[in-house]
Amino acid sequence: MEKWPGVIRAFKEFMPVSEESEVVTLEEGNTPLIHVPELAGELGLKLELYLKFDGANPTGSFKDRGMTLAVTKAREEGSQAIICASTGNTSAAAAAYGARAGLKSIVLVPAGNIALGKLAQALIHGAEVIPIEGNFDRALELVREICSRYPVTLVNSLNPYRIEGQKSAAFEICHQLGRPPEILAIPVGNAGNITAYWQGFQEYKTAGRIDSLPEMWGFEAAGAAAITRDRVIAEPETVASAIRIGNPVSWEKAVEAARQSAGLIEEVSDSEILEAYRELASLTGIFAEPASAASLAGVKKMTREKSLPEDSRVVCVLTGHGLKDPNTAFQEILQPEPVEASLERVVERAGI
Ligand code: F0G
């Protein structure tokens with residue numbers, strides 16, 4: 001088997017790079033597409049269910065797919081520093097790829113509202129971490145303003161190279177399934193990823209690699225459901241901190257992806273997200289972060305409301321690893337009390 005070269009080289013005909021480009025990569029991509037008939041059965045879903053586990057990327061989220069290209073280009077263009085606003089994962093990826101490229105990274109995060117693992121990543125990779133007394137939407141406004149005045153490169157998904165890199169996940173799914181799925185279910189925050197997937201599927205169709213397109217099903221958290229409710233949410237709230245965004249940058253593009261694909265943008269409640277989060281972990285062995293579980297929660301919700309052909313292939317995108325956010329896991333599942341270190345007590349507790 002050939003060594004996986006990372007998403008830029010793996011899909012170079014579809015990437016805006018030349019042979020001379022010095023690629024900054026952590027060999028991201030090529031993540032598992034896991035068939036989970038037992039989960040579908042347990043949930044009473046009569047469809048072919050798959051999980052695209054992008055938590056298996058080097059920094060534990062799909063952001064690596066776009067960051068490899070954004071940072072490659074930043075370095076190629078002679079930039080000395082990259083900057084982003086983030087609910088956590090983008091900051092972790094920017095910090096890691098910045099370290100790999102030898103660039104300074106600056107990350108603005110909402111103080112007190114990013115998961116512990118993500119903060120640890122940004123710090124250990126040596127980013128300048130600036131927690132702000134405001135939410136993600138405010139952090140992004142500040143970052144845009146800074147980029148208009150100072151010589152730093154923006155690596156949020158407003159940077160088109162982020163989207164170009166992230167579309168690689170759509171390509172991988174087509175190869176892994178042997179064809180596109182009928183439905184692609186995905187969490188929506190700032191709406192960059194749904195935009196990227198839709199672009200990827202369309203490019204593969206135009207290139208003659210596939211001959212159909214999936215319906216794009218995007219799911220927002222109910223407390224941050226700007227697109228679903230068609231209004232900016234000034235103070236978004238959700239347990240899924242990664243998608244706690246009230247004014248998504250790629251709003252129109254997400255609406256277009258749903259419209260053009262005959263798909264939908266819907267919302268799921270925090271309790272639906274947390275239920276799907278626990279089911280994924282306990283029924284499939286996959287630990288995804290709460291925001292990721294919005295895709296499965298959404299499929300469960302929508303299949304109650306509309307019926308699909310039984311053999312429909314549905315791919316739920318799991319965008320980030322559960323280890324990013326240990327606190328939510330502990331809030332959901334109580335930590336066990338210690339027992340006396342004796343055979344009797346341990347066997348009693350084990351229930352064997
Ligand atoms: N899932 C996870 C785990 C995320 O971190 C994000 C976004 C999304 C889903 C939503 O993707 O924004 O492209 O619609 N996280 C960004 C960040 C905002 O800063 O890490 P989107």
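Read the numbers this way: they start at 1 and go in the same order the structure lists the ligands and their atoms. By convention here, the first residue in the shown sequence is residue 1.
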Handout entry: Arg209 atom CZ, neighbour heavy-atom count above 12 within 6.0 Å
Key = yes
Practice task
Apply the side chain to side chain contact (heavy atoms under 4.5 Å, CB included) test between Phe53 and each candidate in Thr284, Leu33, Ile34, Thr319; give the one that qualifies.
Solution key: Ile34
Exercise for the section: Report yes if Gly189 has an N/O atom closer than 3.5 Å to an N/O atom of ligand 1; otherwise report no. Expected result: yes
Handout entry: Check: Glu289 N/O within less than 3.5 Å of ligand 1 N/O
Key = no
Handout entry: For atom 4 (C) of ligand 1, the protein heavy atom that lies nearest, with its residue and separation
Key = Ala242 CB, 3.5 Å
Exercise for the section: Please could you name the atoms of ligand 1 that Asn89 approaches to less than 4.0 Å, counting only its heavy atoms? Expected result: 2 (C), 3 (C), 4 (C), 5 (O), 20 (O)
Practice task
Any chance you could lay out the ring pair (Phe, Tyr, Trp, His ring centres under 6.0 Å) test for Tyr204 and His175, step after step, and finish with the verdict?
Solution key: CA-CA 11 Å; Tyr204 250 27; His175 291 286; 5.5 Å; yes
Exercise for the section: Write out the residue and atom name of the closest protein heavy atom to atom 15 (N) of ligand 1, then the distance separating them to 0.1 Å. Expected result: Lys63 NZ, 3.0 Å
Handout entry: Gly192 neighbourhood, listing ligand 1 atoms whose heavy-atom distance to it stays under 4.0 Å
Key = 13 (O), 14 (O), 21 (P)
Exercise for the section: Could you tell me which atoms of ligand 1, counted from 1 in the order shown, lie closer than 4.0 angstrom to a heavy atom of Val188? Expected result: 14 (O)
Exercise for the section: Identify, by atom number and element, the atoms of ligand 1 in contact range of Thr319, meaning under 4.0 Å from any of its heavy atoms. Expected result: 1 (N), 2 (C), 3 (C), 9 (C)
Practice task
Please confirm whether Ser91 comes within less than 3.5 Å of ligand 1 when only nitrogen or oxygen atoms on both sides are compared.
Solution key: no
Handout entry: Basic-acidic side-chain contact under 4.0 Å: Lys118, Glu289
Key = yes
Practice task
With rounding to the nearest 0.5 Å, note down the distance linking CG in Leu184 to CD in Glu215.
Solution key: 11.0 Å
Exercise for the section: Would you mind running through ligand 1 and noting each atom that sits below 4.0 Å from a heavy atom of Asn193? Expected result: 13 (O), 21 (P)
Handout entry: Shortest non-hydrogen contact between Cys84 and Ser91, atoms and distance
Key = SG-CA, 4.0 Å
Problem - salt_bridge(Lys3, Glu27) N-O dist < 4.0 Å - result: yes
Exercise for the section: Distance to 0.1 Å, residue and atom name: give those for the protein heavy atom nearest to atom 8 (C) of ligand 1. Expected result: Ile243 CG2, 3.6 Å
Exercise for the section: Give the numbers and elements of all ligand 1 atoms closer than 4.0 Å to a heavy atom of Thr90. Expected result: 16 (C), 17 (C), 19 (O), 20 (O)
Completion exercise
ligand 1 to Asn190, heavy atom cutoff 4.0 Å, flagged ligand atoms 12 (O), 14 (O), 21 (P)
Problem - Nearest neighbour of atom 11 (O) of ligand 1 from the list Tyr197, Phe62, Phe219, on a heavy-atom basis - result: Phe62
Handout entry: Pair Glu164 + Lys73, salt bridge at N-O below 4.0 Å
Key = no
Problem - Ring geometry between Trp217 and Phe219 (parallel below 30°, tilted from 30 to 60°, perpendicular above 60°) - result: perpendicular
Practice task
Determine whether more than 12 heavy atoms belonging to other residues, nucleotides or ligands lie under 6.0 Å from atom CD of Glu332.
Solution key: yes
Practice task
Check each heavy atom of Lys324 against ligand 1 and say whether those closer than 4.0 Å belong to the side chain, the backbone, both or neither.
Solution key: neither
Problem - Salt bridge Glu275-Lys300, side-chain N to carboxylate O under 4.0 Å - result: yes
Problem - Electrostatic pair Glu48-Arg313, nearest N-O below 4.0 angstrom - result: no
Practice task
Show which atoms of ligand 1 fall inside a sub-4.0 Å distance from at least one heavy-atom site of Thr87.
Solution key: 15 (N), 16 (C), 17 (C), 18 (C), 19 (O), 20 (O)
Handout entry: Mode of Ala191 contact toward ligand 1 - side chain, backbone, both, neither (heavy atoms, under 4.0 Å)
Key = backbone
Handout entry: Ile245 near ligand 1 by a heavy-atom separation under 4.0 Å
Key = yes
Practice task
Record the part of Thr195 in heavy-atom contact with ligand 1 below 4.0 Å; permitted values are side chain, backbone, both and neither.
Solution key: neither
